[in-house]
Every structure is written in C-alpha cells, then in structure tokens.
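Taking it in order: structure first as structure tokens, then the write-up.
What you see is a predicted model; the values in this text were computed from it and never measured. Side chains included, hydrogens not; waters and symmetry mates left out as well; all remaining heavy atoms used.
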Amino acid sequence: DYFPPNRIGLYRETVAALGVKEAETVKVELAPLPESLFNIRAKLHGERLLEKDIMAIVKDVVERHLSSVEIAAFLTALSIHGLSTGEIEALSRAMISTGKTIDFGRGPILDKHSVGGIPGDKTSMLVVPIVAAAGFTIPKTSSRAITSPAGTADRVETLCPVNLSIKEIKEVVAKTNGCLVWGGSLELAPADDLFIQVEYPLGIDPLLLPSILSKKKAIGATHVVIDIPTGMGAKIKTRTEAYTLASDFVDLGKRLGLNIQCALTYGEQPLGYGIGPGLEAREALTTLMGGGPPDLREKAVSLASMLFEMVDVENPRRMAEEMIDSGKALKKMREIIEAQGGNPAVKPEDLPVGPESVKVRSQQAGKVLWLSTDDIVRIAREAGAPKEKGAGVVLHAKLGGAVHKNGVLFEIYAERPS
C-alpha cells in the first residue's frame, strides 16, 4: 500500500524510448522550462523576435514541448502585435525546415492557392486538370474545411482517396503531372497544422502568409498564383486590404525564392450554385464536361491562364480554354482520379447528394439584390456539411437574378431528416 523508497515507476513508452532496464540506476531531474517560453513572453510584451527565437518556438511546437495554452498565447500575441516582414520570413523558414520537403526531380512546379472565404469555391478541381493537361506539373495539396462547408480535400474525396503518402503523391504526379490530395498527414510544414488546431477555435489567423507559403515551398513550387476573393462576403473585405495582402505575398515569395502573382477575385457571393462536398464535386465535373456555371468556368480559366503566362505560354487564355473545350482537362481529371484510387468513369449523377431536401421559396417577385454568404455557410453546415458528403445548399438565384412569386431561392440537401 505504499511505493518503495528510492524507486521510480515509468510508463512503458518512456522505458522503450530511453532503453531503461529493470533495477537500473537512473538520475532524475525536473525538466527545465522550454527556452521558447521566454520568447513567447517577449512577444506578448510586443517585442520583435529574432530568427533564432522564432526557430526555437517552432521547433518546440513540432517536438511537442509546448502545450496548447502556450501555443495559444504565442498566436494571440502575433494577432495583437502583428509581425514584421523579417518575422514573417523567419517563421516561414522555420516552418519549412522543421518538416519534410518533396522534390519531383523536374520543373517548373506550378501551384494555386486561395486564401479562402467564399463558399462553393471549387476552382482547384478545374485548374489542376487544365494545367496538368497542358503538360505542366501541378501537385496540389489542400486542406479540409476549417470554417467552410467544404475544403478542396473534402470535395475531391467524393471522387477518390485524398489521404496519400509522399511516395504515392510522387507516383501519381509521375503518371499524370498533377494530384489533388490532403496535405494534413504529409508533415510538410507540420508546425502549420499544429498552429491551425489552436487558431481554429480562437477564430484568428495571424499566420496566413507563412502558413500558405511554407506549404508551397515544401512541395517544391516555383510559380504560384494566389487567389484573393474580395468583397463583403469574403475574408478580405476591401480592395485596399487585398492590395496590401497581395504585395506582402509577392514580397515574401521573393525572399523565399518563389515567383508569385495574386488574383483579386469577386467575393460578394458563392461561386457556382452548389455548396457542400458532393454538390461541389458534381458541379466541377459538369464544368469539365463543358457545362456548369459560367462564373466557375471563367474563374478557373483566368487563374490557369495566369499560371500559363508565368511560364511564358503563348496566348495563355486560349490554351486554358482549349484544355476544357477539347475535353483534355476532363480526360486528365479522370486520369488523376484513377491514379489516386478512384473510379475514372464516375459521372456527376453518381456523386452523393442527400436524399432529404427542402426548397426555400420567395414570398414576392423581384430581383436578388444581396445575399449573405455567412448565412449560406451556416445553413450548409447545419445540414451536415462537410462531414456528411451529400449535405449542402444549391442556389437557384444569385445576385441580379429575377425571381417569381413563390419561386425557389435555394434548396437544402441533407442525409438525415432531422
């Protein structure tokens, strides 16, 4: 009923990690406070951190020496006091050097990223096959939904597996020039994934720039287009804010040896009509087949042509349009789906859509003058997206659209009647 003196009990994992034998003498002392805690305190007081201080923090985060409380204090300090350009660069470099990197053994490597903020933005599912069909390499890693009804990984997962290893990604890219995979399990800039876990419940994102660019650099990208949706419905509200962010991206890219261009896109309403994983994948596939909403096709074509222009393609826009119109982009998408372990013959109508639905109608005739993207996101998430792949919202009217009395404004789909 008491523990013998001069003895220590260890967990099996500790014994295995330290290689301790039974009845061996060990020296035990209290672990010192991680040095990075002093740096975090300095940042809380608004001080500038040096590169070595930032490196110490990121290393401690990745090696799990800091608790989520300490990480939260660091991120909150960054959110309140902001970061200098030097600090942003140091954070990016530290996040790259503490993770794995992929070398595809060829170049240039093209990539596209959206800072997010508008629902229904399924452009990556078009840009990747357009660029890959034109013979360029575009290994796209993306996230699952953080606050949206579907992240690119959630959409693509309705077509094929997205949880690939680095070795599998290299195989898919060698076969098809492109991939659409989830980046969370690859340990490319793993600090970023640990930061996101803390940022999400706090609703802050002070690491927008290093978060995106460390991931791009880790996958070996050389030319990147950053999509910045701008408008009241998006994360970035004003053009001034968008221009500042764009110039920061270009500047940080230069420091990290990345060629970056930014597109300021229309962020006042959802892109296309479908919102939710299955509905969005369906719409992306339909657009590759030559149908689909014009705003989605237009955005995909203009982002792809920006990438083509960066690698000196003659008449970049015509090239992007031709990839869709000739069916080459669709064929390429089917190759990527097959290489990632999905069914290449999948049709839009095969994709999951919830069996339960309700139509929301207008009480009067008129034109749509405004819609709240935040509320549409909330409805889609309440319906079960992104966890339930068939849940979401289909818009029947968008800005400027005419609606009859009792006409359908939007339809909600769910997998459960409740």
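Under a 4.0 Å N-O distance rule, the pair K43/E47 does not qualify as a salt bridge.
Checked against side chain to side chain donor-acceptor pair (under 3.5 Å), E157 has the following partners two or more places apart in sequence or in another chain: R144, K389. With sequence neighbours excluded, the residues forming a side-chain contact (heavy atoms from CB on, under 4.5 Å) with K347 are E349, D350, listed by chain and number. V353 pairs by the side-chain contact (heavy atoms from CB on, under 4.5 Å) definition with L279, R282, Y413, not counting sequence neighbours. Among residues two or more places apart in sequence or in another chain, the side-chain contact (heavy atoms from CB on, under 4.5 Å) test is passed with A132 by I138, N177, K332. Scanning for ring-ring contact (aromatic ring centres under 6.0 Å, His included) contacts around F249 gives an empty result, with sequence neighbours left out. Every residue two or more places apart in sequence or in another chain that forms a side chain to side chain donor-acceptor pair (under 3.5 Å) with D325 is listed here: R297.
Around CD of E63, the count of heavy atoms belonging to other residues, nucleotides or ligands within 6.0 Å exceeds 12. By the 6.0 Å contact criterion, CZ on R255 is enclosed, its count of non-hydrogen atoms from other residues, nucleotides or ligands being greater than 12.
In this structure a side-chain-to-backbone donor-acceptor pair under 3.5 Å is missing from S79 to L75. Judged by distance alone, the side chain of T158 and the main-chain N or O of D154 form no donor-acceptor pair under 3.5 Å. The closest donor-acceptor contact from the side chain of T98 to the backbone of I96 lies at 3.5 Å or more, if one exists at all. Without hydrogens or angle criteria, E321 side chain to R318 main chain gives no donor-acceptor distance under 3.5 Å. For the pair Q269 (side chain) and L371 (backbone), a donor-acceptor distance under 3.5 Å is absent. Between the E280 side chain and the I275 main chain, no donor and acceptor come within less than 3.5 Å of each other.
The distance from atom CD1 of I57 to atom CG of L91, rounded to the nearest 0.5 Å, is 8.0 Å. Atoms CD and OG, from E187 and S165 in turn, are 12.0 Å apart once rounded to the nearest 0.5 Å.
Using a 3.5 Å distance cut-off with no hydrogens or angles, the side chains of K112 and S124 do pair a donor with an acceptor.
Contact record, D111 with L307: O-CD2, 3.5 Å, taken as the closest heavy-atom pair. Of all heavy-atom pairs spanning C179 and P139, the tightest one is SG-CA, 3.6 Å. Residue I336 comes nearest to L180 through the heavy atom pair CG2-N, 4.3 Å, listed as atom of the first residue, atom of the second, then distance. Across all their heavy atoms, S142 and A153 have their closest contact at OG-N, 3.6 Å. Closest heavy-atom contact between P386 and A145: CG-CB, 3.7 Å.
Sorted by first and then second residue, the ring-ring contact (aromatic ring centres under 6.0 Å, His included) pairs involving residues 339-359 (not counting sequence neighbours) form an empty list. Residue pairs meeting the ring-ring contact (aromatic ring centres under 6.0 Å, His included) criterion with at least one partner in residues 264-300, sequence neighbours excluded, do not occur; the list is empty. Pairs passing the salt bridge (Lys or Arg N to Asp or Glu O under 4.0 Å) check and including a residue from residues 358-380, sequence neighbours excluded, read K359-E411, D375-R378. The salt bridge (Lys or Arg N to Asp or Glu O under 4.0 Å) analysis of residues 221-250, with sequence neighbours excluded, yields the pairs D227-K299. A ring-ring contact (aromatic ring centres under 6.0 Å, His included) check over residues 134-181, counting only residues at least two apart or in different chains, returns the pairs F136-F308. Note on residues 81-110: no pairs pass ring-ring contact (aromatic ring centres under 6.0 Å, His included), not counting sequence neighbours.
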